[in-house]
Amino acid sequence: MDKKYNVVVVGAGHAGCEAALAAARMGLKTLIITLNMDSVARMPCNPAIGGIGKGQIVREIDALGGEMAWITDNTGIQFKMLNISRGPAVWSPRAQCDKEAYSILMSRSIQNQQNLDILQSEASSLIIKNGKAAGVKTVTGDAIEADAVIITTGTFLKGRIYVGDTNFEGGRFNEKAASYLSRSLIEDCGIKLSRFKTSTPARINSKTVDYSKMAEHPGDENPRPFSHFTVRDSWRKNLRSVSCWLTYTNPISHKLVSDNLDKSSLNIGDTNSQGPRYCPSIEDKIVRFPDRQRHQIFLEPEGLSTNEVYLNGLYTGLPFDIQQKMINSIEGLENAKVIRYGYAIEYDYSNPLQIKNTLETKNVENLYFAGQINGTTGYEEAAAQGLMAGINAGLKLFGREPLILGRQESYIGVMLDDLTSKGVDEPYRMFTSRAEYRLMIRSDNADIRLMRIGHSVGLLSDAIYKKFELYVDALTNIYNNETGNMPEDKDLLPWTLEQAKEEVDIYKKYEGYIKIQQNMANKIKKNEDRKIPEDFDYNGMSSLSSETKERLSTVKPQTLGQASRIPGIKPSDIAIITVYLEKQKRRVRS
């Protein structure tokens, strides 16, 4: 193994894989370190990709040159477009995946990638020189030099698993935690860490389920792939689709839970750690909604070569014997046998107010955080952060300007702006409601918005980009009703004229509303991108309140737009900062 790399990525989950692939594809000598080579890109919770807001992120990852969408298309076993009864602004693709196949195929992508090495080990500490990340040390004593380091530790950072009143170290069930790195982040980097918690449901044997008592939910008849580079027709012919099934909890289930709340592991551990509000445990549901007579439980197959079924909606930290009784109280699951029990996990994370919107930490130069270490939840949010961290680490090492996506450009831009402006007090999850420019950043037009950027940073080849340019020309001709000299589908593949017509139809239908949003975005953008120096002295501004100075000094916003979205910052505060910036500008000129 070499001891000197351009980029070292710590962790091989969804964030780590995208970060390492991006850096390597940009031509940087890259190393990815993982605790277990057999656990690359695991799906420890829901074996699905996409969903409301999340599906848009996956399409954007693909348009920028990431891997998640392509892997999903090649391992998916059910595809659905959610919110199809509403407008296209909120159409959100979702896929049920074969989780073993997903991990294997992503691992193959990692292993086959040029410029990318893999090491199964544990990073124990960071090497910091002159305020810059300069590499990592491993538990075996190796010192690996690097120009940039990306940390993507997921739930493994001092992870602790809870089942009832039993707890033990672990990053996932039967997988060791990353026990040492937290100390280095605190002592060597000055990073403040806190704790979050989450839970996962039991998996049961499909052969022990009575599906006749449940409602069937098949995939779409004409599914749409996630990746822009998947050829629709041939993909549809080869797709093996399975159904999911719906059942419900009942008053008996609820009584079992409420009678045993004191035994749930979600009520122990760090009392200050928060769980995901939008993906609550069954214990939380019973407490928060005592009048509800039932809650949805979706049975989702985990793959084509396993009988394991995921009980979506039954997240829990109850003891194993109570879990079994609760499951057997549900219609259709009276004889269900558990293969893997649910559990809760608690782990270290860093409030994202400590990173820039490039994902570089404010304390240490060339050190990047991506994924759950930034307080997010979800494979898609993690993968997007990993991709952006890999891109920005590469751009910085090449001496180029960073890639910062705006809120009007992408859901990824919305997420990173939310994280770095507002921080988190609970695990962050993407929704379409977070995006004020939803009509402009739809799932269908991710390629139009972002593929130029993916090509410019070196993640999309010239050959594929030329095909995309032909597709864009076709869109223009169809919009202008100039269809006399259109290319053939064979020249556009993987795009088609059918897709171009669909895209134009959507745009024309909502063109008036889209233009209104575009005008709003353009007006806001005048001050949105105005940079604030990193050493800007808020304490010297007598017109600002002490609370405002403290908030601004903590976040250190990089632009006026980011400053305006910090909780508690008023328009009058932005006006005062603008005046001070103008004064500074005049001083420099004179």
So, [X] and [Y], do they make that salt bridge, N to O below 4.0 Å?
X    : Y    : result
R25  : E67  : yes
R59  : D62  : no
K556 : E534 : no
R195 : E346 : yes

Between [Y] and [X], is there a side-chain heavy-atom distance shorter than 4.5 Å?
X    : Y    : answer
E365 : K396 : yes
K192 : S350 : no
I506 : P88  : yes
S125 : V136 : no

Check: H14 ring centroid to Y102 ring centroid under 6.0 Å: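 When the ring centroids of H14 and Y102 are compared, they turn out to be within the sub-6.0 Å range.
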Going by ring pair (Phe, Tyr, Trp, His ring centres under 6.0 Å), Y349 matches just one of F196, Y428, F369, F156. Which one?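 Exactly one pass, corresponding to F196.
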Looking only at atom types and distance, does a side-chain atom of N83 sit under 3.5 Å from a main-chain N or O of V90, one as donor and one as acceptor? yes
Judged by atom type as modelled, is there a donor-acceptor pair below 3.5 Å linking the side chain of S564 to the main-chain atoms of G561? yes
With rounding to the nearest 0.5 angstrom, report the [atom1] to [atom2] distance, [X] to [Y].
X    : Y    : atom1 : atom2 : value
L353 : R551 : CG    : CZ    : 10.5 Å
L387 : L21  : CG    : CG    : 9.5 Å
L544 : I569 : CG    : CD1   : 8.0 Å

Under 3.5 Å, is there a donor-acceptor pair between the [X] and [Y] side chains?
X    : Y    : result
Q372 : T377 : no
N392 : E360 : no
Q56  : T432 : no
E502 : Y507 : no

Which class fits the ring pair F229 and W495: parallel under 30°, tilted 30 to 60°, perpendicular over 60°? perpendicular
Taking the inter-plane angle between the rings of F226 and F79 on a 0 to 90° scale, is it parallel (under 30°), tilted (30 to 60°) or perpendicular (over 60°)?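 F226 vs F79 ring planes: tilted.
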Are there more than 12 heavy atoms of other residues, nucleotides or ligands under 6.0 Å from atom CZ of R565? yes
Surrounding CZ of R530 (heavy atoms of other residues, nucleotides or ligands, distance under 6.0 Å), is the total greater than 12?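 Check passes, neighbour count above 12.
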